[in-house]
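I have placed the structure first, in the form of C-alpha cells, so that the comments after it can refer back to it.
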Amino acid sequence: MASLELFNTLSGKLETLEPVGAPALRMYACGPTVYDYGHIGNFRTFLHVDVLRRFLRQQGMAVEHVMNVTDVDDKIIRNALAAGKGISDYTARYEKAFFEDMDSLGIERPEHLPRATEHIPEMVTLIERLAAKDIAYRTEDGSWYFRIARFPDYGKLSKKDFDGIEDGARVDVDEYEKDAARDFALWKAVKTGPDGVPEPSWQTALGAGRPGWHIECSAMATSLLGESFDLHAGGEDLMFPHHENEIAQSESASGHTFARHWMHVRFLLVEGKKMSKSEGNFYTLRDLLLKGHRASAIRYLLLSVPYRHQMNFTFEALSAATNAIDRLRTFHARILRGGFVAGANEAVRAATAKAAAEFTAALANDLNTAEAAAAISEMVRAANSSADAGTLGAENADEILRVLTTFDGVFAVLVDRDAELTKAALVWAQAEGRGDEASAELVARMGQSDAEIDALVAERTQAKKTRNFARADAIRVELTAKGIVIEDAKDGVRWKRK
RNA sequence: GCACCGAUGGCGAAGUGGCUAACGCGCUGGUCUGCAAAACCAGUAUUCAUGGGUUCAAAUCCCAUUCGGUGCUCCA
C-alpha cells in the first residue's frame with residue numbers, strides 16, 4: 001500500500017495524507033451551488049477530488065467524504081424569484097442535473113451529500129457559540145457578522161497579511177453596519193424583494209434570515225466529520241475568502257484545528273482565457289456532449305494535467321484525448337479477446353510490472369495523473385508489439401488486465417458508455433427545447449441503429465468475398481460519414497462509433 | 001497597484017542539479033492490407049521564453065527582463 005504525498009496549502013509542503021483518530025480518512029470538499037448547470041471548470045475540481053478518493057481507496061484506505069450542496073444563496077434567490085419559483089423548486093432540477101453530470105463523468109458519489117437548507121440548526125448553533133465568545137455580533141438590521149480582529153491567524157491559509165488593515169476601523173459597506181470592513185456575514189437578516197415580498201428565510205433564535213455562505217460548510221463539515229478532520233478540498237478560488245473564513249469560524253468556535261490538510265485544484269482556462277459567458281468560451285458538460293464530444297474524453301482530458309497546474313482546455317486537446325482513449329480501448333479489447341500463446345513473455349512481464357509500479361508511484365506523488373497515464377502507455381506499446389509478433393503469452397494477458405483494472409480504477413475511461421450518455425443528452429436537449437443545439441453529425445451518428453450498421457457491415461463483407469471492392473468501399477464511405485469506423489482484422493470484422 | 005503561479009517539440013504535457021529531455025495527439029516514411037482501419041517500426045526539441053550568474057555539472061538553483069494566467073469582489 002502506497003501512501004499519498006499530497007501538497008498541503010496550509011503548510012506549503014508535500015505531506016503524507018493519512019487518517020488521524022479514525023479508521024477512515026475524513027474529507028470535506030466544497031460542492032456545487034445549484035443555481036445553473038455545472039460547467040467544465042467546476043468538474044475539473046470534482047474530477048481531481050474523485051481521483052484522490054479513488055486512489056486512496058485503491059490503496060486500501062477507507063474514506064469518509066462529504067460534499068455539500070449549496071441550495072440557498074443570493075444567486076439562487078435571485079434566479080428563483082425571476083422564475084417565479086420557490087428556491088427548492090428552483091434548485092431541484094439543477095441538483096438533479098449535477099448528479100447526472102457527475103455520473104456521466106464517472107465521478108463517484110461521496111459518502112455524504114448534505115444540503116445547506118437541511119442543516120440550518122447546526123449553523124445557528126455554531127453562530128451562537130461564536131456570539132457567546134463575542135466573536136459574532138449582531139448589527140442593527142438583524143444580520144450577524146464575524147469579528148476578524150478576534151482571530152489572529154486570519155490569512156494563514158491564503159498567506160495574506162492583514163496587518164496593514166486597521167482593526168476596528170468603522171467602515172460602512174452597503175447598507176449594513178459592520179465593525180470592520182473585512183468582517184464577513186454569518187447570518188443575513190431577511191430582506192424584502194423589489195415587489196415587497198420577503199425573500200426566503202428561516203425563523204431561528206438569531207432572528208429571521210438565512211445563513212451566510214461560509215457558515216454552511218463549517219457547520220456541515222463539523223457536524224458530519226467532527227471539529228477536526230483530515231482533509232478539506234476545493235477550487236483554488238475558494239481559498240480566499242471562503243476557506244479562510246471557514247477556518248476562522250470553526251477554529252474560533254472549537255479551539256481546535258479545523259482541517260489538517262488543504263488541497264486546492266487550480267483553475268481551468270478555455271482556449272487560453274478564463275471561462276466566461278461574455279468571452280463565448282463558457283461550456284457546460286451538456287454543451288460539449290451536444291457538440292458531439294464524448295464524456296469519457298472530457299474526463300480523460302480534464303485529468304490529463306495534474307491538479308496543481310492551471311490547465312488550458314482546447315478542442316484540439318479534446319480530440320487528442322478522444323483518440324488516446326480509442327487506443328486504450330482497442331488495446332483493452334485486444335487483450336480481452338485472448339488467443340495468445342501459453343506461458344509468458346518475460347520482457348512484457350517486466351514491462352507490465354514496471355508500469356504497475358510507476359502508475360502507483362506517480363499517483364502517490366501528489367496525484368501526478370500525467371505521469372501515471374504515461375506509465376500505462378509504455379505497457380500498451382510493449383504488449384501490442386509483442387502481440388503483433390505472436391509472442392504475447394496468456395499469462396501476460398492476465399497480468400496486463402490486472403494493471404488495466406488498476407488504471408481504470410482511477411481513470412475510469414475504459415468501459416464505453418459514451419453512446420448511451422450522448423443519447424441521454426440528446427433526449428434531455430429535446431425535452432428542454434434545445435434539440436437544435438445538437439450537431440448535425442451527432443444526430444446522424446446516433447440515428448443509425450446497431451442492427452442497421454451490422455446489416456451494412458455484413459453486406460460489405462459479402463461484397464469483399466466476391467471481390468466487389470467498389471461496393472465494399474462505397475459502404476465503408478457511407479459509414480465513415482456517419483462516424484462509424486470499420487476494422488478488418490484477421491479474426492473478423494469489427495466496427496465502432498468514432 | 002499589491003500578492004502568487006507559469007513559460008519545455010506542430011499541439012497538450014512529464015521531468016526540478018548529473019543516463020541519448022518521459023508520455024499522448026499530430027505529421028512523414030515503412031511493415032501489414034485488395035485499398036483502408038487497427039497495431040508495430042523508424043523519423044519528427046543537440047534543446048527546455050530571453051539575458052546574466054552560481055556549479056565540475058542546470059530545463060532544473062539565483063537575479064533581471066519579456067509574455068501569459070490567477071487572487072485581492074461572486075466564482076470550482
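Everything numeric in this text was worked out from a predicted model, so none of it was measured. Quick note on labels: first sequence line is chain A, next is B, and so on, each numbered from 1.
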Determine whether any donor atom in the side chain of [X] lies under 3.5 Å from an acceptor atom in the base of [N], or the reverse, and answer yes or no.
| X | N | answer |
| --- | --- | --- |
| A:R381 | B:C40 | no |
| A:D488 | B:C35 | yes |
| A:R476 | B:A36 | yes |

Considering only B:C72, B:A38, B:A76, which nucleotide approaches the side chain of A:F240 most closely?
->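 Nucleotide nearest to A:F240's side chain: B:C72.
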Minimum-distance nucleotide to A:R467 side chain [options: B:G34, B:C75, B:C40] | B:G34
For [Y], does its backbone N or O pair with a side-chain atom of [X] as donor and acceptor, under 3.5 Å?
| X | Y | value |
| --- | --- | --- |
| A:R54 | A:V49 | no |
| A:R26 | A:L225 | yes |
| A:E244 | A:L157 | yes |

Are A:F469 and the base of B:G34 stacked, counting only ring centres nearer than 5.5 Å and planes tilted under 30°?
-> yes
Counting only side-chain nitrogens and oxygens, does [X] get under 4.0 Å of the OP1 or OP2 atom of [N]?
| X | N | result |
| --- | --- | --- |
| A:N323 | B:G26 | yes |
| A:K274 | B:G71 | yes |
| A:R327 | B:G24 | yes |
| A:N42 | B:A76 | yes |

Could you give the CD1-to-C1' distance, from A:I148 to B:C72, as a whole number of Å?
->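 To the nearest whole Å, that distance equals 13 Å.
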Write out a two-atom table: protein N or O, nucleotide N or O from nucleotides 13-15 of chain B, distance below 3.5 Å.
{"unit_1": "B:A14", "atom_1": "O3'", "unit_2": "A:N368", "atom_2": "ND2", "d": "3.0"}
{"unit_1": "B:A14", "atom_1": "O2'", "unit_2": "A:E371", "atom_2": "OE1", "d": "3.2"}
{"unit_1": "B:G15", "atom_1": "OP1", "unit_2": "A:N368", "atom_2": "ND2", "d": "2.7"}

Which value, rounded to the nearest 0.5 Å, describes the distance between A:Q249 atom CD and A:H214 atom NE2?
->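 Output value for this atom pair is 7.0 Å.
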